[in-house]
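Report on the following structure.
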Amino acid sequence: MASPEERYNFREAEAKWQKTWTANGCFKADDSSSKPKYYVLEMFPYPSGRLHMGHVRNYTLGDVVARYKRAKGFNVLHPMGWDAFGLPAENAALERGIHPGTWTRQNIGVMRDQFRPLGLSLDWSRELASCEPAYYKHEQKMFLDFLKVGLAYRKESWVNWDPVEHTVLANEQVIDGKGWRSGADVEQRKLNQWFLKITHYAEDLLQAIETLDRWPDKVRLMQHNWIGRSEGARVSWPLVDGAGKDLGDALEVFTTRPDTLFGASFCAVSAQHPVAAKAAERDPALADFIAQCSRSGTSTAAIETAEKQGYDTGLKARHPFLPDTMVPVYVANFVLMEYGSGAIFGCPGHDQRDMEFARKYALAVRCVVAPAGEDAGDFAAKLEAGDVAFTDDGMAINSDFLNGLKVDAAKGAAISKLKALGRGQGTVQYRLRDWGVSRQRYWGCPIPIIHCASCGAVPVPDRDLPVTLPEDVTFDRPGNPLERHPTWKHVTCPTCRKDAVRETDTFDTFFESSWYFARFCSPHVDDRPFNQAEAMKWLPVDQYIGGVEHAVLHLLYSRFFTRAMSACGYLNLKEPFAGMFTQGMVCHETYRAADGTWLEPATITKSGELATHNGKPVTVGRSEKMSKSKKNTVDPQIILDTFGADAARLFMLSDSPPDRDLEWTDAGIEGAWRYLNRLWRLAVAAAEIPEVPLPAVLAPAATAVLRQVHRAVAAVSDDLEKFRFNSAVARIRELTNGLAELDRGEAGADAVYRLGVETAARLINPLTPHISEEMWLALGHTTNLTATPWPNFDPAFLVDDMVTIAVQVNGKLRGTVTVDKSADKAACESAALGLAAVQRQLDGRAPRKVIVVPGKIVNIVAAP
RNA sequence: GCGGGCAUGGCGGAACUGGUAGACGCGCCAGACUCAAAAUCUGGUGUCCUUGGACGUGGGGGUUCGAUUCCCUCUGCCCGCACCA
């Protein structure tokens, strides 16, 4: 049936507006604008070839911000690109024989096409793909600059080596000590790797977290803990051999508890510590023990709970304060080479790990700190007989010159003494390690270095950049194709012209994502990564949006890169992201058949509480993150085809706060679709009303709705500013409910109705851009909403003349009274006391006390 | 183990700095329109008893005239880190 109530034709409308926006260049960031800038960025996607609901949510959130800020008069930069290097492309090559580059570029094409129907306000003219030489050549240059200023270096380090795949594995790729794909036992190997000196900025990265006031506290805390600053002391313990002879060498130890030095009963070094290696030369059993420690990976939870084990080297260490006291030196499996100096001193009384170790190897336990208010002697006796270390604050005992000092004071005194004796000093230690960027992979950015037998590691000269990946590679054998390519790596040394080989490692793919936000500011310059003036104009990103899974590494690496790029003259900036928002995941119920296999939502039939699959009952599991393995995914393509982009966007925005997980439901998307039709009917009705100014005199009902219009503008603006998109939708729905209920026969009601529908269209435009443009057009406007400023509100309409206040007796609600907004306390009180319900409660008793908060509440306290 | 977060109707969620708990939506119930269905519209919907009340924001306690909101404690779930000396 064809009538004004005809359902909204999203297919036609959405395609039309997408075309119009593109044709008019509505979303191009204007480099010469005088408006204030606003840079909105969502984390760029990996081109997996398929859009998923997580993408839809992520880019919708960013789009709301971009469109809102544009309406608020900002010159908005909202670009899009592809995080295009990475392992899946190599897996595709392995499984299907397709070249990683071909696969990746095909996927980009497919995904770009999938993005279009979402109606995102993106500036596609700045699109980039990190796998193209035009992009990655700049990071090769940057890396060489980092090398020059000492922010990049090469060192030997321990890696997880998969002997079957001939490759290094990331910690996440090692499961129970075995390679994730090969299943082979992972070995600890020493390899020459390139590192970026992120630790150079440890303190600055930590301090500057304070300035990131528009980041979630959670993310700031995670970064804080990741950097892991701890204050302590380096203490040196002169080494003595088994016969008591000084070796002229000292063991460097890091401790946060120099106040407990008098409780020391052993020292321990890591299995990878030089002292261990040296001692093992004369002791095959020790060598075995060390080998055993290296074999057990350092990454899995099982190993972390493993029992503490040690091996006595036979060496002794001389106590820094007590020259006549010696303690044994162990090699221990729980001491990490990468932290501090790879060696510790053990004080079993005041460290639980040391306590366990001491009990196992029958070492002395000596109490040197006792809690205030307890008898030191009794406490010490109990502690030394038990298995639990005391780690709280207290008073030093049995500790010579430290006795009587509280822990903090004792730490200071111990450090002063160490310094005076030349045996140590106060120091700050970080958990943060330098960033190892070498990967033994093909599909990444080549590291621009040439290894020459006589000149060492030589940077590729500028004139020879970029070093591009060879196309003719095969993946039929394990290992890195660059390594076994017949010609690619064989070159002459740029310095001495002798035969040399290229570095065959490529960069960690976090490298590309650490600076793409700057490239977006001037994506077309060729001789530099970006134009500095342009970058400084747009950066920092005003609002960055992405998943919390990148809360530590990607964000920390980008913060580091921004500093490093500044150190090399590319920028003059510390922090790349002024505002950060982490969105929740998209979840769905899970379904399992009787045999335990997962079933896709589309194959489930539901009637009431019962769910079936082909007539057989199905177990409905809890809602979990959409994943291929649990088959609980919903294909955005199907949703877009069935309901359109606006419905998908509206549902994603309205059902949950954006930082929380969202549960995808059929009912939800259908509800969103129904609302769009409701909106459209309002627009069709309003379009019939001629555009006239609001009359001076309005009927009370019309005034009330007019008030509602202004309130909605105020509330929605505030909600959008604060990322409360779900609440913004609720406010708009309240407004349209009010409009639908308005009696149009009353004076001025038509004009208010029209204004209300127009306002609703403008308010919902950032959320559902297509239908709002269509409404705007239907209402007779010749301009686009993309170019229409955000509506204003009149604060006078936000307050009512009369206010309804709650009346309580003894804190319990007994009724409400409506009084003039300027009513004083006495007036409120007498109005409240006039309520029948109040009198009934008082039952003749006089109020003992009356609390009046004007405009809010009257609470009458009656005698009990 | 350490650190952080969350807990509100059948469901998703709202409630600004302590002041009418449950906005808005989903679902459900009843009715209207229809030959019928869909769509749409109207009304209802925290729980328990009879109008009027009583109870109610994970459990227990506290502060307050008044607590979803602040404090203590317990329970459950989620996330991060994980022998970091």
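A distance of about 16 Å separates the C1' atoms of B:U57 and B:G12, rounded to the whole Å. B:G25 and B:U42: their P atoms are spaced 11 Å apart (whole Å). As rounded to the nearest Å, B:C16 and B:G22 have P atoms that lie 13 Å from one another. With both ends at atom C1', the span from B:G44 to B:A67 equals 31 Å, rounded to whole Å. Using C1' as the reference atom, B:C33 and B:A39 are 11 Å apart when rounded to the nearest Å. Rounded to the nearest Å, the gap between the C1' atom of B:C28 and that of B:U63 is 42 Å. On the P atoms, B:A30 is 13 Å away from B:A37, given to the nearest whole Å. Spacing of P atoms, B:G9 relative to B:C71, comes out at 22 Å, to the nearest Å.
Remark: C1' of B:C2 and CG of A:D351 are 14 Å apart, rounded to the nearest angstrom. Rounded to an integer number of Å, the gap from CG of A:L336 to P of B:A85 is 10 Å. B:G5 atom C1' lies 12 Å from atom CE of A:M222, rounded to whole Å. At whole-Å resolution of the value, CG in A:L251 and C1' in B:A85 are 13 Å apart. Between A:D659 atom CG and B:C6 atom P there is a gap of 10 Å when expressed in whole angstrom units. We find that CG of A:N859 is positioned 9 Å from C1' of B:G19, with the value rounded to whole Å. In this structure, the CZ atom of A:R257 is 14 Å from the P atom of B:C84, given to the nearest Å. Between the CH2 atom of A:W673 and the P atom of B:U40 there is a distance of 11 Å, rounded to whole Å.
Formation of a donor-acceptor pair under 3.5 Å by the A:H319 side chain with backbone atoms of A:L261 is found in this model. For the pair A:R814 (side chain) and A:V809 (backbone), a donor-acceptor distance under 3.5 Å is absent.
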Taking only distance into account, with no hydrogens and no angle test, what donor-acceptor pairs under 3.5 Å do side-chain atoms of residues 658-670 of chain A form with protein atoms, sequence neighbours excluded?
| residue | atom | partner | partner atom | Å |
| --- | --- | --- | --- | --- |
| A:D661 | OD1 | A:M585 | N | 2.9 |
| A:T665 | OG1 | A:G668 | N | 3.0 |

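Of the candidates B:C84, B:C41, B:C24, B:C41 carries the atom nearest the A:R678 side chain, counting heavy atoms from C-beta on. The side chain of A:L221 approaches B:G3 more closely than any other nucleotide in the set B:G3, B:U20, B:C24. Distance from the side chain of A:A730 is smallest to B:A23 among B:A85, B:A23, B:A21. Of all nucleotides listed (B:C78, B:C83, B:C81), B:C81 comes nearest to the side chain of A:R431. Which of B:C84, B:A23, B:A21 sits closest to the side chain of A:Q808 comes down to B:A21. Out of B:C77, B:G53, B:U20, the shortest distance to the side chain of A:R840 is found at B:G53.
For the pair A:V853 and A:R733, nearest-nucleotide mapping onto RNA chain B gives the more 5' position to A:V853. Of the two residues contacting RNA chain B, namely A:L813 and A:M337, the nearest-nucleotide position lying further toward the 5' end is that of A:L813.
Nucleic acid contact class of A:S230 (heavy atoms, under 4.0 Å, all strands): sugar-phosphate only. Note on A:V850: nothing from the nucleic acid sits closer than 4.0 angstrom, heavy atoms only. As judged by a 4.0 angstrom heavy-atom cut-off over every strand, A:N737 is placed among residues touching the sugar-phosphate backbone only. In this structure, A:R220 reaches neither bases nor backbone, as no heavy-atom distance under 4.0 Å exists between it and the strands shown.
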If you apply the rule side-chain hydrogen bond (donor to acceptor under 3.5 Å, both in side chains), what do you find for A:R678 with A:N737, and how did you get there? CA-CA 10 Å; A:R678 207 168 127 87; A:N737 287 348; 2.5 Å; yes

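Looking at A:R359 and A:E356, no side-chain N of the basic residue comes within less than 4.0 Å of a carboxylate O on the acidic one, giving no salt bridge.
Residue A:R681 places at least one side-chain N or O under 4.0 Å from the OP1 or OP2 atom of B:C41.
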Once base and sugar-phosphate atoms are separated, protein heavy atoms under 4.0 Å mark nucleotides 9-17 of chain B, 5' to 3', with B, S and - as ---SSS-B-

Each nucleotide of nucleotides 27-33 of chain B classed B (base within 4.0 Å of a protein heavy atom), S (only sugar-phosphate) or -, in 5' to 3' order, makes S------

Write down the protein N/O and nucleotide N/O pairs, taken from nucleotides 54-58 of chain B, whose separation is under 3.5 Å; answer none if there are no such pairs.
| residue | atom | partner | partner atom | Å |
| --- | --- | --- | --- | --- |
| B:A54 | OP1 | A:R814 | NH2 | 3.2 |
| B:A54 | OP2 | A:R814 | NH1 | 3.1 |
| B:C55 | OP2 | A:K812 | NZ | 3.4 |

Show me the protein contacts with nucleotides 67-70 of chain B, counting only N or O atoms at under 3.5 Å.
none

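For the residue pair A:T736 / A:Y675, a side-chain donor-acceptor distance below 3.5 Å is found, with atom types taken as modelled. In this model, a donor atom of one side chain and an acceptor atom of the other lie less than 3.5 Å apart for A:T199 and A:D434.
The aromatic rings of A:H554 and A:F510 lie parallel to each other, their planes meeting at an angle below 30°, with 60° marking the opposite boundary. Ring planes of A:F254 and A:Y339: perpendicular class, angle over 60° (limits at 30 and 60°). Taking the six-membered ring where tryptophan is involved, the planes of A:F723 and A:F725 are tilted, since the angle between them lies from 30° to 60°.
With sequence neighbours excluded, no residue forms a side-chain hydrogen bond (donor to acceptor under 3.5 Å, both in side chains) with A:R733. A:F10 pairs by the ring-ring contact (aromatic ring centres under 6.0 Å, His included) definition with A:W673, not counting sequence neighbours. Scored by the side-chain hydrogen bond (donor to acceptor under 3.5 Å, both in side chains) test, A:R724 finds A:D718, A:D719 as partners (sequence neighbours excluded). Applying the side-chain hydrogen bond (donor to acceptor under 3.5 Å, both in side chains) criterion to A:D800, with sequence neighbours excluded, gives A:R707, A:R711. Applying the ring-ring contact (aromatic ring centres under 6.0 Å, His included) criterion to A:F345, with sequence neighbours excluded, gives A:W237. Residues meeting the side-chain hydrogen bond (donor to acceptor under 3.5 Å, both in side chains) test with A:W215, sequence neighbours left out: none.
Of the inter-residue distances, the one linking A:M802 atom CE with A:D820 atom CG reads 5.5 Å to the nearest 0.5 angstrom.
Here B:G46 is in the anti range [glycosidic angle more than 90° from 0].
In the interface, the side chain of A:K308 is paired with the base of B:C83 through a donor and an acceptor atom under 3.5 Å apart.
Checked against the 6.0 Å centroid criterion, the rings of A:F643 and A:F651 do not qualify as a close aromatic pair.
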Parsed dot-bracket for RNA chain B after applying the Watson-Crick and G-U rules with both distances under 3.5 Å and | for other-strand partners is (((((((..(((......[....)))((((((.......))))))((((..))))..(((((..]....))))))))))))....

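The cationic atom of A:K308 (NZ for Lys, CZ for Arg) lies less than 6.0 Å from the six-membered ring centre of A:F334 and within 45° of the ring axis.
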